[in-house]
Chemist: 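There's a structure below that I have some questions on.
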Amino acid sequence: MPDTENVEVPSSGPVVSHAVKTNANPNAAENRSSVSGDVTLRPVYPDDVFQYGENEEDSITSLKGRSFSRSEADKILKSAEANGVQLLEVKPEGDGS
Amino acid sequence: MSFNPRYNPDFVLTGPAQLWVQPWVFGTPAAMPADTVALGGLWTSPWRAIGATKEGVTGRFSRTVQNITIEEQMTPVDQKTTGSQFTFTAQLSEDTLDTIRDAYGGGTITTIAAATSVKGKKKLVIGDELSYIAIGFETFATPRAGLTETPWRRLVIPKVSSAAEVETPYRRAESQRVYPVTFTSLVPISAIEIYELNADALP
């Protein structure tokens with residue numbers, strides 16, 4: 001057994017974008033059911049929760065690691081900004097963008 | 001007989017300071033903003049400005065020492081550090097749940113956005129135990145000849161706790177509500193680096 005220890009940290013990758021987008025697509029509602037995409041959102045404070053929809057399932061937490069389409073993420077970020085919530089946008093390791 | 005001691009009045013400074021906070025995350029130390037961020041500019045998320053204060057920000061550094069003495073000399077022959085403390089205090093004056101969390105030492109905030117038939121609301125649960133945060137500090141620095149932008153002095157303490165007696169007055173008109181905070185450094189003193197902008201970049 002090597003003398004090492006694996007430690008998991010909340011972040012799944014480097015934070016590459018922090019700005020809350022304000023150019024949300026007004027037609028993004030068509031993507032509302034999308035929960036799988038390129039953009040992963042998490043709260044700044046690891047234990048915080050941001051519920052952006054009517055149901056508890058529509059929540060951003062650190063543990064759920066939810067990913068969204070760009071348009072859906074923009075809509076959620078705009079809602080977070082309106083509610084005074086900071087969300088971080090996390091992209092996978094190796095993403096050169 | 002008199003004389004004029006040497007001095008530089010330009011180095012006598014006044015002015016406020018800005019505190020920024022972000023949660024401490026194991027393995028991901030808080031980073032200083034880029035040098036391109038001007039004094040008073042936005043430190044991007046996850047940094048969050050601490051907001052208004054009643055009487056500004058106060059920094060305190062203390063070092064307790066042990067005198068090393070010998071019988072043959074009345075003054076110490078040496079002093080050795082036995083402890084040190086680096087704190088920043090303020091009386092936060094923006095009455096938000098974020099402020100309360102900062103002052104009370106941690107907690108979790110659940111935010112529910114308004115939706116159809118759902119009222120928007122926030123819930124703060126104060127943490128049983130202290131949460132660690134990082135703080136950033138920014139203020140004016142001593143002016144330098146040839147510098148084209150306002151000089152800044154910055155430091156980041158990557159791990160602090162917030163523990164204080166938080167007394168908040170609720171008065172009709174006498175004063176605003178305040179939340180006193182004391183951020184105490186939990187990293188070695190030698191891990192704190194203080195930077196100043198000294199000169200423009202060369203072309």
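These numbers come from a predicted model, not from an experiment. Below, chains carry the letters A, B, ... as their sequence lines are ordered, and counting in each starts from 1.
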Chemist: Hey, are T81(B) and R63(B) close enough side-chain-wise for a donor-acceptor pair under 3.5 Å?
Modeler: yes
Chemist: Using side chain to side chain contact (heavy atoms under 4.5 Å, CB included) as the criterion, list what pairs up with K80(B), not counting sequence neighbours.
Modeler: I68(B), D78(B)
Chemist: Looking at S117(B), G120(B), P23(B), A113(B), which has the largest count of heavy-atom pairs under 4.5 Å with chain A?
Modeler: P23(B)
Chemist: Hey, what do you get for OG (S45(B)) to CD (E81(A)), rounding to the nearest 0.5 Å?
Modeler: 11.0 Å
Chemist: Does any heavy atom of chain A fall under 4.5 Å from the side chain of W24(B), the backbone, both, or neither of them?
Modeler: neither
Chemist: Which bit of K123(B) comes within less than 4.5 Å of chain A, counting heavy atoms only: side chain, backbone, both or neither?
Modeler: neither
Chemist: Return yes if a side-chain donor-acceptor contact under 3.5 Å exists between T75(B) and Q73(B), otherwise no.
Modeler: yes
Chemist: Does the cation-pi check pass for R153(B) over F137(B), that is, NZ or CZ under 6.0 Å from the six-membered ring centre and within 45° of its axis?
Modeler: no
Chemist: Looking at chain A, which one of I109(B), T108(B), V118(B) has the largest number of heavy-atom pairs inside 4.5 Å, strictly under?
Modeler: I109(B)
Chemist: Quick check on the interface: out of I60(A), N83(A), V49(A), who has the most heavy-atom pairs with chain B under 4.5 Å?
Modeler: V49(A)
